Amino acid sequence: GVEVGPQPQGVARADVLDKMRKMVKHGLDFVQLFNEGKEFPPCTIEVFKIKEKVDYPRNKNGEIIAIIHPKLQDQDWQPLKNGDPLFLTLDGEVIPYQGNCTVYPTFINEAAYYEKKQAFVTTEKIKLTAKHLRSSVS
């Protein structure tokens, strides 16, 4: 599957559609080249691995009591370090990130995840290495 975003629910954005088309085209190009017997050398790529789902702060009745801090809003895939602003309570108190390592949040404040009790997801940046690849079909 290919998911490209963020974009609001029910909205079709030309720039996001263009990115999705390019991703699908690259995937199909790879399959064609692989099927033609092209050899791909070893490579390393940085990826983001999901660590945990983070909910909004809630009261004892399960009601949200803080919103995403303005400095975190629209900062998907940007580093979040211990002490950085995370949430802002309705009375103006900043709730900082308390973690022992830098994480990279994504899906920040997306409407589709409110009902899932998810303010954002933390990810960690890791490197994956692929060995050389060649089709065995001649």
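Because the structure is predicted, anything quoted here is derived from the model rather than measured. Keep in mind that the numbers below use all heavy atoms, side chains included, and drop hydrogens, waters and symmetry copies.
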Participant: Should the ring pair Phe34 and Phe40 be called parallel, tilted or perpendicular, given that the plane angle runs from 0 to 90° and is split at 30 and 60?
Facilitator: parallel

Participant: One thing to verify: whether Lys19 and Asp15 come together as a salt bridge, which I'm taking to mean a side-chain N less than 4.0 angstrom from a carboxylate O.
Facilitator: no

Participant: To the nearest 0.5 Å, tell me how far Lys38 NZ sits from Glu36 CD.
Facilitator: 10.0 Å

Participant: Look at the side chain of Asp84 and the backbone N and O of Tyr97, then say whether any donor-acceptor pair between them is shorter than 3.5 Å.
Facilitator: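 No, Asp84 side chain to Tyr97 backbone: no donor-acceptor pair under 3.5 Å.
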
Participant: Measure the OG1-NZ distance between Thr122 and Lys53 for me, rounded to the nearest 0.5 Å.
Facilitator: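 Here the interatomic distance stands at 12.0 Å.
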
Participant: Within the structure provided, determine whether Tyr56 and Ile68 are in side-chain contact (heavy-atom separation under 4.5 Å).
Facilitator: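 Yes, side chains in contact.
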
Participant: Taking all heavy atoms of Gln78 and all of Pro105, pick out the closest pair and write down the distance.
Facilitator: O-CD, 3.1 Å

Participant: Within the 4.5 Å heavy-atom criterion, are Thr89 and Ile65 side-chain neighbours or not?
Facilitator: no

Participant: Do Asn109 and Tyr114 pair up side chain to side chain, a donor and an acceptor below 3.5 Å, judged on atom types alone?
Facilitator: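 Note: Asn109 and Tyr114 side chains meet the donor-acceptor criterion.
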
Participant: Following the transitive rule for hydrophobic clusters with a side-chain heavy-atom cut-off under 4.5 Å over Ile, Leu, Val, Met, Phe, Trp and Tyr, establish whether Leu133 and Leu28 coincide in one cluster.
Facilitator: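 Not linked; separate clusters.
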
Participant: Are Ile45 and Ile126 linked, directly or through other ILVMFWY residues, by side chains that come within less than 4.5 angstrom of each other?
Facilitator: yes

Participant: Under 4.5 Å between any side-chain heavy atoms of Leu72 and Pro85, yes or no?
Facilitator: no

Participant: Just wondering, do Phe87 and Val54 contact through their side chains at under 4.5 Å, heavy atoms?
Facilitator: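 Of all side-chain heavy-atom pairs linking Phe87 with Val54, at least one is under 4.5 Å.
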
Participant: A side-chain contact here means heavy atoms from C-beta on lying under 4.5 Å apart; do His132 and Glu39 qualify?
Facilitator: yes

Participant: Are the side chains of Arg13 and Val11 in contact, using a 4.5 Å heavy-atom criterion?
Facilitator: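 A side-chain contact exists here, since the closest heavy-atom pair is under 4.5 Å.
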
Participant: Do Leu88 and Pro70 have side chains that get closer than 4.5 Å, going by heavy atoms?
Facilitator: yes

Participant: For the side chain of Lys125 and the backbone of Thr102, is there at least one donor-acceptor N/O pair under 3.5 Å apart?
Facilitator: no

Participant: Which atom pair, heavy atoms only, marks the closest approach of Ile95 to Ala66?
Facilitator: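 Closest approach of Ile95 to Ala66: CD1-CB, 4.2 Å.
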
Participant: CG of Asp74 to NZ of Lys71: how many Å apart, nearest 0.5 Å?
Facilitator: 15.0 Å

Participant: Go through Leu86 and His69 one step at a time and tell me if the side chain to side chain contact (heavy atoms under 4.5 Å, CB included) criterion holds.
Facilitator: CA-CA 5 Å; Leu86 199 57; His69 192 280; 5.7 Å; no

Participant: So, Thr106 versus Thr123: side-chain donor-acceptor pair below 3.5 Å or not?
Facilitator: no

Participant: So Lys25 and Asp29, side chain to side chain contact (heavy atoms under 4.5 Å, CB included) or not? Walk me through it.
Facilitator: CA-CA 6 Å; Lys25 182 183 179 318; Asp29 288 346; 2.8 Å; yes

Participant: Give a yes or no answer on whether the side chain of Asn59 reaches the backbone of Asn61 with a donor-acceptor pair at less than 3.5 Å.
Facilitator: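 Checking the backbone N and O of Asn61 against the side chain of Asn59, a donor-acceptor pair under 3.5 Å is found.
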
Participant: So which of Phe120, Phe48, Tyr104 actually passes ring-ring contact (aromatic ring centres under 6.0 Å, His included) with Trp77?
Facilitator: Phe48

Participant: Strictly by modelled atom types, are Asn82 and Gln98 linked by a side-chain donor-acceptor pair under 3.5 Å?
Facilitator: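 There is no such pair between these side chains.
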
Participant: I want to check something: taking the side chain as every heavy atom from C-beta on, are Lys131 and Pro42 in contact at a cut-off of under 4.5 Å?
Facilitator: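 No - every pair of side-chain heavy atoms lies 4.5 Å or more apart.
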
Participant: Please check if atom CZ in Arg58 has more than 12 non-hydrogen atoms from other residues, nucleotides or ligands closer than 6.0 Å.
Facilitator: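 Atom CZ in Arg58 is packed in, count exceeds 12.
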
